[in-house]
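For reference, the structure is listed below as structure tokens.
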Amino acid sequence: NVAQTHRTSDYRQDDEDWWMRAREDGAYIGDVEFDESADLYSCDVCVRLTDPAEEFAGVLKAVLNVRDVTSLIDERTEKLADLDGGRVELLTRDLRLIHEGGRPPGPPEAGEAHVAGVTFPEAFDVHVVRRTHEPEGRDMVSAFAPSRGYGDYDGLGWLLVWEWDADLVFAPVRTLRRTIFWTAALATVLALVIGLTTSGLLTRRVGRLGDAAHAIGEGRYGERVAIGGADEVAILGDRFNRMAAALESASKALHEAKE
């Protein structure tokens, strides 16, 4: 060591895996580890240093506190975490649970239950499935988003998981479905009532025309129909009355001529 901000386990570091890999590859980012003494997760970020002649000079190592990452996740998903049945988890490449929204940090836990039964595509940005969460047996809607690297760096392969209770997710859909059903049922009943009412009125008006025509056929030329309105039936009634009046006049003229 030529400079350091914290004490290391020993003075010589060139026998460490991170040191050798950074020297060989130019950069090295280690997977996350939990430090029980500091009660936090961290990962090593190492970069090879060279002098002006491009000769190897050493390795610069920084320890990244993963709490900075998890705090950002909590900040961005705060509203989701506050919802009943919603939660956010962060899994490592080997499916260790290193963070769950709203919980204090602790030693990594097995996170296989959060991906059990899920088949991931080869490459994806977000993958959403509905599944039964074991061992709780809850019906969940889960969304998975993998971490991405930058440039030639493939990233750590972490997996961010959002999980919601399926009943809460689909509650608005069920409400909308019930609303559509009852609206359609009400519209059908109203259409039926209006249709029956209109049909009844039309039948009665046409019936009066039929009765009047029958009376004319029996020689009662003074028969008239009283049909109000401005539709086709009303027009037909008016023409019927004019025809009946013409027949009545003709019948009177015929009787006067005989006398």
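The chain is numbered in sequence order, starting from 1.
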By ring-ring contact (aromatic ring centres under 6.0 Å, His included) - contacts of Phe56 (at least two apart): Trp19
Shortest non-hydrogen contact from Glu55 toward Asp51: N-OD1, 2.7 Å
Listed partners of Leu247 passing side-chain contact (heavy atoms from CB on, under 4.5 Å), at least two apart: Ile216, Tyr221, Met243
Residue list, side chain to side chain donor-acceptor pair (under 3.5 Å) with Arg130, at least two apart or on another chain: Asp139
For His214, ring-ring contact (aromatic ring centres under 6.0 Å, His included) partners two or more places apart: none
Set of salt bridge (Lys or Arg N to Asp or Glu O under 4.0 Å) partners for Asp17, sequence neighbours left out: Arg21
Partner residues of Thr119 under the side-chain contact (heavy atoms from CB on, under 4.5 Å) criterion, sequence neighbours left out: none
Audit row: Glu89, Glu163, side-chain contact (heavy atoms from CB on, under 4.5 Å) steps and yes/no: CA-CA 8 Å; Glu89 298 101 1; Glu163 293 185 314; 3.1 Å; yes
Nearest-0.5 Å distance, NZ of residue Lys61 to SG of residue Cys46: 6.0 Å
Pairwise distance CZ(Arg23) to CZ(Arg48) - rounded to 0.5 angstrom: 9.0 Å
Main-chain N/O of Trp158 paired with Ser147 side-chain donor or acceptor, under 3.5 Å: yes
Joint hydrophobic cluster, Phe181 plus Val173, side-chain heavy atoms closer than 4.5 Å: no
Derivation of the side-chain contact (heavy atoms from CB on, under 4.5 Å) call for Leu90 and Val161: CA-CA 6 Å; Leu90 183 62; Val161 184; over 6 Å; no
Atom CZ of Arg174 with >12 non-hydrogen neighbours under 6.0 angstrom: yes
Verify same cluster id: Val63, Leu49 (apolar side-chain graph, 4.5 Å): no
Value rounded to 0.5 Å, distance of SG in Cys43 from CH2 in Trp18: 14.0 Å
Leu176: hydrophobic cluster co-members (side-chain, 4.5 Å): Ile180
Side-chain heavy atoms of His127 within contact of Val129, under 4.5 Å: yes
Non-neighbouring partners of Ala213 that pass side-chain contact (heavy atoms from CB on, under 4.5 Å), sequence neighbours left out: Phe240
Partners meeting side-chain contact (heavy atoms from CB on, under 4.5 Å) with Ala27 (sequence neighbours left out): none
Hydrophobic cluster membership, Ile235 vs Leu209, 4.5 Å side-chain cutoff: no
Contact check, side chains of Val45 and Tyr28, non-hydrogen atoms, under 4.5 Å: no
Arg178 CZ to Thr175 OG1 distance, which is reported to the nearest 0.5 Å: 4.5 Å
Same cluster (ILVMFWY, side-chain, under 4.5 Å), Val32 and Ile29: yes
Intermediate values then yes/no, side-chain contact (heavy atoms from CB on, under 4.5 Å), Val115 and Leu91: CA-CA 10 Å; Val115 297; Leu91 306 178; 4.0 Å; yes
Contact list for residues 120-129, test salt bridge (charged side-chain N to carboxylate O under 4.0 Å, His left out), sequence neighbours left out: Asp125-Arg148
Which atom of Ala22 lies closest to which atom of Val59, heavy atoms considered: CB-CG1, 3.8 Å
All salt bridge (Lys or Arg N to Asp or Glu O under 4.0 Å) counterparts of Arg93, not counting sequence neighbours: none
Note, Trp162 side chain near Val141 side chain (heavy atom, < 4.5 Å): no
By side chain to side chain donor-acceptor pair (under 3.5 Å) - contacts of Asp94 (at least two apart): Thr92, Arg96
Contact check, side chains of Val126 and Val128, non-hydrogen atoms, under 4.5 Å: yes
Nearest heavy-atom neighbours spanning Ser142 and Arg131: OG-NE, 3.2 Å
Separation between CZ of Phe144 and CG of Leu160, rounded to the nearest 0.5 Å: 10.5 Å
